[in-house]
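Both counts, for ligands and for their atoms, begin at 1 and track the order of listing. Since this is a predicted model, take the numbers as computed values, not measurements.
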Amino acid sequence: MRKLLTLGLCCLLAASWWEHSPAMALRRVLVTGGNKGIGRALCQQLAADHGFYVFLGSRDAQRGKEAVESILLKSPECQDRLQFLPLDVASDTSVAKAAEMLREQYGAEALYGIVNNAGVGFQTSMAETLNINTYGPKRVCDHFLPLIDPQEGRIVNTASASGPNYNSAAASAERAMLTSPDVTWEELDACMQKAIQEPAGRQPYGFSKACLIAYTMILAREHPTLKINAMTPGYILTDITRGMGASKPPEEGTKAAIYCLTGELKGNGWYYGSDALRSPIDRYRAPGDPPYEGP
Ligand SMILES: NC(=O)c1ccc[n+]([C@@H]2O[C@H](COP(=O)([O-])OP(=O)(O)OC[C@H]3O[C@@H](n4cnc5c(N)ncnc54)[C@H](OP(=O)(O)O)[C@@H]3O)[C@@H](O)[C@H]2O)c1
């Protein structure tokens with residue numbers, strides 16, 4: 001019995017050492033929109049509980065620095081693995097500058113992963129919503145992909161159940177395109193540009209997240225050695241959902257993102273529910289329902 005206990009303790013110590021060893025600390029991850037809400041909670045958990053080096057992206061320097069300070073207040077042990085990175089995902093110049101900063105500081109393969117978390121909610125125009133929620137992640141990937149570890153790297157796109165919900169009610173041709181594993185960027189871009197010209201009849205937020213899921217399939221096809229997936233954090237109380245009945249704190253909205261970053265993933269270009277189980281992209285799957293097993 002004592003031998004078993006000693007063995008168990010050794011395993012625990014080894015796991016803890018490995019998680020916080022220098023090799024693991026080299027796993028650098030960028031979280032966009034990390035200054036509040038789910039993004040900030042994710043930055044805290046990735047640095048404090050999973051030994052990542054975290055670049056906390058924020059479009060506003062003061063909000064970004066304050067977020068770093070608030071995380072360090074709770075988790076002072078993260079002092080050497082948390083860094084504010086100025087990053088406005090809506091701006092090519094800002095994204096290019098941030099990628100160049102990382103390249104200069106850490107060279108090629110600066111990053112293990114990216115979590116495209118930055119997003120806007122329901123009160124925004126079609127053009128702005130798409131520019132931040134869909135073109136934003138593409139902009140970030142275009143500029144940061146050359147810095148990602150080509151064998152182990154991961155990208156996590158923060159979608160929403162609003163995406164599959166949008167698809168379930170979309171016109172059949174649009175639904176077929178948005179849910180096809182063969183969808184191309186040209187088709188998707190043309191559809192988004194048309195929606196910007198003629199926004200009537202589409203709910204911008206759900207449409208932007210359906211497009212983000214489609215973009216995730218395209219990106220995963222183009223980069224088969226990386227692990228690239230989309231997920232939803234669940235229904236979480238943040239500034240996006242304030243007053244809409246959500247009650248779970250941001251700390252409970254990180255499970256799927258952490259799974260997509262660290263889990264033993266079986267597929268690529270998939271969409272995960274907030275319970276970190278695979279979900280379909282043409283209809284809603286509630287947390288706790290059986291996982292999607294289709295193609
Ligand atoms: N809350 C939910 O129930 C829920 C459900 C499904 C999906 N999501 C998704 O989860 C992600 C995080 O949202 P949240 O709920 O945590 O909302 P939030 O508290 O409002 O956080 C949104 C974050 O995105 C940032 N952001 C917005 N536009 C940006 C830009 N152009 N460049 C860089 N950062 C930008 C915000 O920065 P500022 O402070 O500068 O505005 C903020 O840090 C979003 O993609 C959202 O769509 C949320």
Which residue and atom name correspond to the protein heavy atom nearest [atom], and how close is it?
atom: atom 13 (O) of ligand 1; answer: I240 CD1, 3.7 Å
atom: atom 10 (O) of ligand 1; answer: T158 CG2, 3.4 Å
atom: atom 41 (O) of ligand 1; answer: R59 NH2, 2.8 Å
atom: atom 18 (P) of ligand 1; answer: K36 CE, 3.8 Å
atom: atom 31 (N) of ligand 1; answer: D88 OD1, 2.9 Å
atom: atom 14 (P) of ligand 1; answer: T238 OG1, 3.5 Å
atom: atom 16 (O) of ligand 1; answer: I38 N, 2.8 Å
atom: atom 12 (C) of ligand 1; answer: N117 OD1, 3.2 Å

Is any NZ, NE, NH1 or NH2 atom of the basic residue among [X] and [Y] found under 4.0 Å from an Asp or Glu carboxylate oxygen of the other?
X: R202; Y: E174; value: yes
X: D275; Y: R285; value: yes
X: D282; Y: R175; value: no
X: R103; Y: E100; value: yes
X: D239; Y: R242; value: yes

Which one of T216, N117, N229 satisfies the side chain to side chain donor-acceptor pair (under 3.5 Å) criterion with N157?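 Exactly one option meets the side chain to side chain donor-acceptor pair (under 3.5 Å) with N157, and it is T216.
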- Query: Is a side-chain donor or acceptor of R139 paired with a backbone partner of V89 at a separation under 3.5 angstrom?
  - Reply: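 At least one qualifying donor-acceptor pair exists.
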Tell me if a side-chain donor or acceptor on E187 pairs with a main-chain N or O of T184 at a distance below 3.5 Å.
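Between the backbone of T184 and the side chain of E187 there is a qualifying donor-acceptor contact (under 3.5 Å).
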(message) To the closest 0.5 Å, what do you measure between CG (L261) and CE (M231)?
(response)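 Interatomic distance, L261 CG to M231 CE, rounded to 0.5 Å: 8.5 Å.
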Exercise for review: Kindly compute the distance separating SG (C78) from CD (Q44), expressed to the nearest 0.5 Å.
Suggested key: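 It is 6.5 Å, given to the nearest 0.5 Å.
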What atoms of ligand 1 come closer than 4.0 angstrom to any heavy atom of [X]?
X: I132; result: 28 (N), 31 (N)
X: T232; result: 6 (C)
X: L87; result: 32 (N), 33 (C)
X: T241; result: 1 (N), 2 (C), 3 (O)

Measure from [atom] to every heavy atom in [options] and give the option owning the shortest one.
atom: atom 32 (N) of ligand 1; options: V89, I236, V95; answer: V89
atom: atom 8 (N) of ligand 1; options: Y205, F122, Y235; answer: Y205
atom: atom 39 (O) of ligand 1; options: V115, N157, N35; answer: N35
atom: atom 26 (N) of ligand 1; options: A159, A41, A118, S91; answer: A118
atom: atom 22 (C) of ligand 1; options: G119, G37, G33; answer: G119

Take every heavy atom of [X], measure it against each atom of ligand 1, and state whether any distance is under 4.0 Å.
X: G234; result: yes
X: P233; result: yes
X: D60; result: no
X: R40; result: no

For K138, is the NZ atom crowded, meaning more than 12 foreign heavy atoms sit under 6.0 Å from it?
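Check passes, neighbour count above 12.
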**Message:** Using ring-ring contact (aromatic ring centres under 6.0 Å, His included), reason through F52 and Y112 one step at a time and then give a plain yes or no.
**Reply:** CA-CA 9 Å; F52 279 97; Y112 163 82; 5.7 Å; yes
Is any side-chain heavy atom of T32 less than 4.5 Å from a side-chain heavy atom of R59?
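The answer is no; the side chains never approach within 4.5 Å.
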